Amino acid sequence: VQNAGYINMDNAFTAMKSASTSKASSASKTFSAGDIDTSGSVVNGANVLSVDVTLGKIAIPWTVFSNVDVINIKGYDSADYFKTHPVFISVTDVPADKTVDLIFNYGTSGKNGKAYIFWKGQAPDQFIKGLTGGTHAGEINLGGMQLVWNFPDAKTVKISSLSGHLVAPNADVTIHDSGRFEGGIIANSVVDDGAAEAHFYTFNDPTKSVPADSSSSIADSSSSIADS
């Protein structure tokens, strides 16, 4: 073998599928319909699901997700929170014929699979660029960013102005409206509307070692999502 340390991509993708399912099934909080704020007072008349990221692993069933206009992220002090705190927000039990549409621009009219992402009641479309230590106007950051949007069983996902990594191993993903995305995308396939612009954010800081049993890793013990 010329390089015994090579990554077997088929095996890695299989491990990622398993990890995606595991993150969702081991959530510390699974939301219900009763958690949706329908008062319209949190965000401008919208049905809002407020997600406290200090919970770490969070699951939002499709029956809840499809009835919200806005997902309001809270519980962090600044974008740097996501450097050292792994957060997995999973949308589960998505019917095969339904599309998830995750939008990181301002809007308040969602539902039926479309949800706008707010940060403490605000909607900056490039929130994650607030991480310190970035270069090239914040488009490259090697300091680690451990926010993951996870869709273990979705078949079709659309995103606009992504902040965080996207894991949707069974989905065909379309980037639309705004092609900027801060974070990696793992999917069955990815297409864009012609204006996609990837900004490079690592999950871990590559200059620091990550123990095999760390809570800061994506698909195997070598600095990935599966062991988080």
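Note that the structure is predicted; figures quoted are calculated from it, not measured.
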Neighbour count >12 (heavy atoms, 6.0 Å) for atom NZ, Lys98: no
Neighbour count above 12 (heavy atom, 6.0 Å) for Ile140 CD1: yes
With a 4.5 Å cut-off on side-chain heavy-atom distances among I, L, V, M, F, W and Y, is there a chain of contacts connecting [X] to [Y]?
X	Y	answer
Ile58	Val68	yes
Phe82	Val51	yes
Ile103	Val190	no
Ile185	Tyr201	yes
Val87	Leu162	yes

Closer than 3.5 angstrom, by distance alone: can the side chain of [X] be matched with the main-chain N or O of [Y] as a donor-acceptor pair?
X	Y	answer
Lys129	Ala137	yes
Asp35	Ser32	yes
Ser22	Ser18	no
Asn72	Gly121	yes
Asp69	Gly110	yes
Thr21	Pro152	no
Asn67	Thr63	yes
Asp153	Val94	yes
Trp149	Val91	no

Worked verdict on Phe203 versus His165 for side chain to side chain contact (heavy atoms under 4.5 Å, CB included): CA-CA 8 Å; Phe203 183 79; His165 305 290; 3.8 Å; yes
What's the shortest heavy-atom distance between [X] and [Y], and which atoms?
X	Y	result
Leu131	Ala79	CD2-O, 3.1 Å
Ala168	Val173	CB-CG2, 4.4 Å
Ala24	Thr92	CB-CG2, 3.6 Å
Gly107	Val70	O-CG2, 3.8 Å
Ala154	Ala171	O-CB, 3.3 Å

Less than 3.5 Å apart, any donor N or O on the side chain of [X] or [Y] sitting next to an acceptor on the other?
X	Y	value
Lys57	Ser26	yes
Asn150	Ser20	yes
Thr156	Asp172	no
Thr132	Asp80	yes
His176	Asp101	yes

Trace of the side chain to side chain contact (heavy atoms under 4.5 Å, CB included) decision for Asn112 with Ser66: CA-CA 4 Å; Asn112 299 316; Ser66 60; 5.5 Å; no
Student check: side-chain heavy atoms of [X] and [Y] closer than 4.5 Å:
X	Y	value
Ser161	Phe181	no
Val167	Phe151	no
Asp37	Val42	yes
Lys114	Lys158	no
Leu142	Pro206	yes

Within 45° cone and under 6.0 Å: Lys120 NZ/CZ vs Tyr76 ring: yes
Could you measure the distance from the [atom1] atom of [X] to the [atom2] atom of [Y]? Nearest 0.5 Å is fine.
X	Y	atom1	atom2	value
Ile186	Lys17	CD1	NZ	12.5 Å
Asn47	Ser109	CG	OG	10.0 Å
Ser163	Leu166	OG	CG	12.0 Å
Lys29	Ile60	NZ	CD1	10.5 Å
Asp77	Thr54	CG	OG1	11.5 Å

Pair Lys74-Asp52, salt bridge (Lys or Arg N to Asp or Glu O under 4.0 Å): steps then yes or no: CA-CA 5 Å; Lys74 64 178 187 176; Asp52 187 338; 5.6 Å; no
Verdict with reasoning, Leu102 to Ile117, per side chain to side chain contact (heavy atoms under 4.5 Å, CB included): CA-CA 7 Å; Leu102 208 59; Ile117 308 304; 3.7 Å; yes
Side chain to side chain donor-acceptor pair (under 3.5 Å) assessment of Asn105 paired with Ser160: CA-CA 7 Å; Asn105 297 312; Ser160 176; 2.9 Å; yes
Residue among Thr202, Asn204, Thr84 satisfying side chain to side chain donor-acceptor pair (under 3.5 Å) with Gln146: Asn204
ring-ring contact (aromatic ring centres under 6.0 Å, His included), paired with Tyr106, selected from Trp119, Tyr116, Phe118: Phe118
Audit row: Lys23, Val148, side chain to side chain contact (heavy atoms under 4.5 Å, CB included) steps and yes/no: CA-CA 10 Å; Lys23 297 304 177 193; Val148 179; over 6 Å; no
Verdict with reasoning, Glu182 to Asn141, per side chain to side chain donor-acceptor pair (under 3.5 Å): CA-CA 9 Å; Glu182 275 76 52; Asn141 197 309; over 6 Å; no
Ring centres under 6.0 angstrom apart (Phe65, Phe31): no
